[in-house]
Amino acid sequence: MPLDIPLKNFHEANGANMVPFAGFNMPINYKPGIINEHKNVRNHSGIFDVSHMGQVLVEATDLHINNLEKYIPLKLNNLRNNKSNYTFLLNQNGGVVDDLIVSLIEINSKSFLYIVYNASRKNEDEKIFFKCAPNAEILHVKNCLFAIQGPESIEVLNNVIELPVDMHFLDIDVLKYKNNLAIVSRSGYTGEDGFEISISIDQAEVFVKDLLKNKNTMLCGLGSRDSLRLEAGLSLYGHELNENITPIEAGLSWALDKDRLNDSTLNGNKILSNQLHNKPSNKKIGLISVSRSMLRDGMNLFDSNKNDIGKITSGCFSPNLNKSIAIGYVNSHFDEEKEIFCEIRNKMELVKKTSLPFVKKNYKKNEGNNE
Amino acid sequence: MRVIMSKKKYTKDHEWVSIDNDIATVGISNHAQESLGDIVFIELPSVGKSVNAKDEICVVESVKAASDIYAPIDGEIMEVNNSLEGDAAIINQDAENTGWIFKMKVSNPSQYDELMTEDDYKIFLEQ
């Protein structure tokens with residue numbers, strides 16, 4: 001049986017269509033529907049309850065950091081305070097156990113790694129966290145997690161929580177909401193400016209109601225979160241990422257600290273460093289449907305001679321392009337100038353290759369800091 | 001010839017059927033469009049095709065999933081709703097009227113009698 005998130009009743013009362021996802025009953029959409037919710041995020045803002053996701057606090061001691069560096073391809077000692085970093089947990093072959101956001105924050109003058117991870121990977125990740133830091137504190141049993149995304153997010157959130165004036169993309173801070181701690185980062189997974197807020201379960205409903213006082217925002221479900229992240233060309237665990245794909249094959253080598261690939265204490269360092277210098281066997285591409293047909297996860301891709309060249313890992317309807325879009329992997333030897341066909345219901349349909357992302361990202365970065 | 005019947009009937013696969021003489025008009029129920037969500041594409045059946053009840057004959061794609069549409073009864077496809085090709089969202093707005101999908105010439109009218117009435121379908125949905 002899927003688990004319920006703390007605000008289940010609130011979502012149902014607000015018209016959520018709840019479906020099982022990663023072991024939880026989650027809102028997939030509300031009354032306006034996926035396309036309207038998607039457009040509202042691109043034009044104004046939208047509020048997502050992502051309390052199914054994992055959140056953990058690990059005390060940032062030398063021992064914990066040393067242990068975690070076996071799995072995480074970053075120099076954790078060099079993390080800057082109040083900064084979030086996109087990274088991975090790696091298995092022995094350099095495959096992705098999970099993709100995560102690791103941030104260094106201070107709570108009551110103690111330094112912590114605050115890690116947000118995928119709901120579908122809680123078991124695997126937590127085994128690693130507890131092995132590295134037996135006193136790790138699972139935060140998602142106490143805190144809900146919300147994402148507010150879209151160009152107007154800052155106005156919506158600033159009316160509810162006073163934000164520091166110089167907060168940029170991937171900055172994070174421990175702030176106050178009605179005398180309770182709220183961990184606020186300027187991040188998200190839609191390609192838009194936005195924030196993620198971790199807040200105590202007791203305060204969660206009042207907090208969301210406060211956000212909804214802004215008339216141009218709305219509750220949005222995981223359906224639009226998926227089409228937004230796909231338009232932004234962002235990878236999703238279980239689709240573009242799994243234990244048999246390395247970050248380099250997934251086109252995410254920018255998220256690796258290259259020096260760590262020479263460090264034999266990092267899982268899979270030799271494989272990764274080899275892939276970085278030679279071509280990995282597969283490459284990630286973007287596809288757009290030429291007909292009106294929808295491209296879906298699992299569909300096979302072929303060249304004009306009907307040779308199997310790869311497959312789609314995520315597909316959806318793009319409200320911004322008014323066409324179906326997809327991300328997939330093809331054999332690295334495939335000549336990208338050649339035509340690609342997708343098998344859709346036993347028919348071969350021509351699809352157009354394109355670069356990622358499909359829709360330009362709209363992050364509020366600090367000048368001169370482009371990562 | 002059968003008399004004109006305006007009463008709509010329903011299948012367990014959530015199609016609706018109404019019969020005028022020997023021509024059946026078929027679409028998906030309002031319940032079906034609600035659970036599919038935003039419909040973005042429909043692959044219409046070919047006119048002139050002979051079909052048997054329960055054959056998969058066309059596909060409705062919503063942002064969430066692809067869903068097969070089955071022939072509710074035996075017959076031949078006579079006409080398709082071409083306006084859905086440009087705007088499949090008509091089905092979301094008016095599934096059981098202007099969102100009709102195809103018309104078929106009925107070869108076995110007794111199959112129609114076996115389908116659910118609107119009241120039966122309501123009970124079926126509650127189960």
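Each chain gets a letter, A, B and so on, in the order the sequences are listed, and its residues count up from 1. From a predicted model like this one, the values you see are computed outputs, not experimental measurements. Only heavy atoms go into these numbers, but all of them, side chains included; no hydrogens, no water, no symmetry mates.
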> For residues R296(A) and V63(B), report the shortest heavy-atom separation together with the two atoms involved.
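Distance-wise, the nearest heavy atoms are NH1-O, 3.5 Å.
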> Please evaluate residues R292(A) and E43(B) with respect to the criterion salt bridge (charged side-chain N to carboxylate O under 4.0 Å, His left out), reporting the C-alpha separation (whole Å), side-chain torsions for both, the decisive distance (0.1 Å), and the verdict.
CA-CA 9 Å; R292(A) 298 285 298 167; E43(B) 196 180 272; over 6 Å; no
> Count the heavy atoms of every other residue, nucleotide or ligand shown that sit under 6.0 Å from NZ of K103(B), and state whether that count exceeds 12.
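Check passes, neighbour count above 12.
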> Using a cut-off of 6.0 Å, state whether more than 12 heavy atoms not belonging to K122(A) lie near its atom NZ.
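Result for NZ/K122(A): enclosed.
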> On a heavy-atom basis, which atom in I28(A) and which in K64(B) lie closest, and how many Å separate them?
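Heavy-atom minimum between the residues: CD1-CD, 3.9 Å.
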> Is it true that E56(B) and R345(A) make a salt bridge, defined as a side-chain N closer than 4.0 Å to a carboxylate O?
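Salt bridge flag = no for R345(A) with E56(B).
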> Identify which of S324(A), G315(A), S293(A) forms the greatest number of heavy-atom pairs closer than 4.5 Å to chain B.
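Greatest number of close heavy-atom pairs with chain B: S293(A).
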> Side chain, backbone, both or neither: which part of K347(A) has a heavy atom under 4.5 Å from chain B?
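Only the side chain of K347(A) comes within 4.5 Å of chain B.
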> Where is the tightest heavy-atom contact between I34(A) and D38(B), given as atom of each residue plus distance?
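The answer is N-OD2, 3.2 Å.
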> Would you say that N322(A) contacts V40(B) through its side chain, given a criterion of any heavy-atom pair below 4.5 Å between the two side chains?
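Side-chain contact under 4.5 Å: no.
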> Please determine whether salt bridge (charged side-chain N to carboxylate O under 4.0 Å, His left out) holds for the pair K31(A) and E34(B), giving the CA-CA distance in whole Å, both sets of side-chain angles, and the decisive distance to 0.1 Å.
CA-CA 10 Å; K31(A) 285 280 176 296; E34(B) 269 181 8; over 6 Å; no
> Tell me which of these, S35(B), A88(B), A66(B), has more heavy-atom pairs under 4.5 Å with chain A than the rest.
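Option with the top pair count is A66(B).
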> Evaluate whether atom NZ of K311(A) has more than 12 neighbouring non-hydrogen atoms of other residues, nucleotides or ligands under 6.0 angstrom away.
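Open: at most 12 neighbouring heavy atoms sit under 6.0 Å from NZ of K311(A).
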